[in-house]
2 protein chains.
Amino acid sequence: MTPLFGPRAPATQLATSLLPGELRRPEVPVEKSSRTAEIIDAARTILEAEGADALTMRRIADRLGIQAPSLYKHFASKKAIEVALVTDGLAEIGEATHSALHEPGSSSPIARLLVAYRALCVANAAVYRLATQSSFARDELPAGLEEWAGNPFYVVTGDPALAQALWSFAHGMVVLELDGRYPAGSDLDAAWRAGARAFERATSTGDL
Amino acid sequence: MTPLFGPRAPATQLATSLLPGELRRPEVPVEKSSRTAEIIDAARTILEAEGADALTMRRIADRLGIQAPSLYKHFASKKAIEVALVTDGLAEIGEATHSALHEPGSSSPIARLLVAYRALCVANAAVYRLATQSSFARDELPAGLEEWAGNPFYVVTGDPALAQALWSFAHGMVVLELDGRYPAGSDLDAAWRAGARAFERATSTGDL
DNA sequence: TTCCTCGGCTAACGTTGTTAGCTGCCAGTA
DNA sequence: TACTGGCAGCTAACAACGTTAGCCGAGGAA
């Protein structure tokens, strides 16, 4: 299983033309020194292997063979490290969902979007969980990144209300799956399909 | 605004007959001493007023005029206090959604369920957030309580996959609303209606 | 050579959950 | 009445957390 992550395999924007309503990825200034990159790399490794509780400044520093206070030469706070982690995760998820819009396929755009969204969120499970903690400093994310990452849901429905409903469905499915909230033995594929079909019909029938 | 909460206004099971597929509320042994009740009451007050970060053992103890270690005479850990808080919240939400199934109304059962779910989750916003933190000790909740609280979604759809999809939609809407993840000025009522309509059609049309 | 910045370090602070161990009170019982 | 036991408080303390202050060596620029 190869890690599917930003800095390790930098996500590049495909040079395809935009669909109606599709946003372009916002420019995010990447001026990472090698040490900063190593720090978020170590943080991600710990986060994915042992979960959010294990992500402490001392553990991150340990992995790099330095002391915790030295991390503050590179990041202003632990929150800033988390923001860097989530920024990469959002970029990767957004990249995947945007490109799912353009891939041809036998299934509907909604189904393709949902499949891509689920796959990427599960692949970045720990980061996704981190981003949905209420203590996460969402307001320090790069401007426009969240909007861009959510944009495919607008493209695929063509209606703001339906887009938010579809996004909520997808987000809810992912969160409940990652937190193990469905009873054991649940057929989650069937639940995803059922939701996809409901929203496909809602878009094809028109709003009112 | 009167607080809508368990111990303050104990939720009683209505003596109506059950709908097809509807579960009865599990018996949860309530052997609360007066002090334990005071503790979870103080905890809830802090949580609702100042959020999860303010919910510390010392703050809870302060409100009762005692020292933090004394709390351990009544609860084994902070997690246990959180579990008690969420147990009450789940009971109240479940009570409301179950009774929404039985209320007659001009709107569909799905719409009534969603309206009740949203209202109760927003009323218990802080507790709902607490319950969705990944660090929450879900496995220590009373057996069957979560299943019973989610049961109305099965009753109203009649299909496991569709029920999980509908629950995911509702959960996603609530979580994103509570975390302020929708752009300012979003018409959330419209999003709820759009989702409700999509699932109404999905149930009436049959599964495949 | 001198000076400044970068990126390490140690020591320490305040806060968190939690444990150990002491004590006073009060009910029950010989 | 006297003894006893447990309930429920207390203080002191610990380890781990994020974070700050302040020191210092290396290396490049003037």
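Order of the sequence lines fixes the chain letters, A, B, ..., with proteins taken first and strands second; residue numbering starts at 1 for each chain. As a basis for the values below, the full set of heavy atoms in this structure was taken, side chains included, without hydrogen atoms, waters or symmetry mates. Since the model is a prediction, treat every value here as computed from it, not as a measurement.
- The two residues A:Ala61 and A:Gln67 make their nearest non-hydrogen contact at CB-C, 3.5 Å.
- Using bins of under 30°, 30° to 60° and over 60° for the plane-to-plane angle, the ring pair B:Phe153/B:Trp167 lands in the tilted bin.
- The outermost nucleotides of DNA chain C lying under 4.0 Å from heavy atoms of chain B, listed 5' to 3', are C:dT16 to C:dT19.
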Give the C-alpha distance, both sets of side-chain angles, the deciding distance and a yes or no for salt bridge (charged side-chain N to carboxylate O under 4.0 Å, His left out) between B:Arg63 and B:Glu38. CA-CA 10 Å; B:Arg63 267 194 87 83; B:Glu38 286 174 6; over 6 Å; no

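- Nucleic acid contact class of A:Leu64 (heavy atoms, under 4.0 Å, all strands): none.
- Of all non-hydrogen atoms in A:Glu48 and A:Ala126, the two that sit nearest each other are CA-CB, 3.9 Å.
- Between A:Met57 and B:His74, the residue anchored nearer the 5' end of DNA chain D, judged by the nucleotide with its closest heavy atom, is B:His74.
- Within a 6.0 Å sphere centred on CD of A:Glu147, heavy atoms belonging to other residues, nucleotides or ligands number 12 at most.
- The two residues A:Leu23 and A:His98 make their nearest non-hydrogen contact at O-CE1, 3.6 Å.
- Between B:Asp53 and B:Arg59 no salt bridge is recorded (no basic side-chain N to carboxylate O distance below 4.0 Å).
- D:dC17 atom P lies 6 Å from atom CZ of A:Arg58, rounded to whole Å.
- Here B:Arg35 reaches the OP1 or OP2 of D:dG9: one of its side-chain N or O atoms lies under 4.0 Å away.
- Of the residues in residues 65-73 of chain B, those with a non-hydrogen atom less than 4.0 angstrom from any atom of DNA chain D are B:Gly65, B:Ile66, B:Gln67, B:Pro69, B:Ser70, B:Lys73.
- Between A:Tyr128 and A:Tyr117, the angle of the ring planes goes over 60°, which puts this pair in the perpendicular group of the 30/60° scheme.
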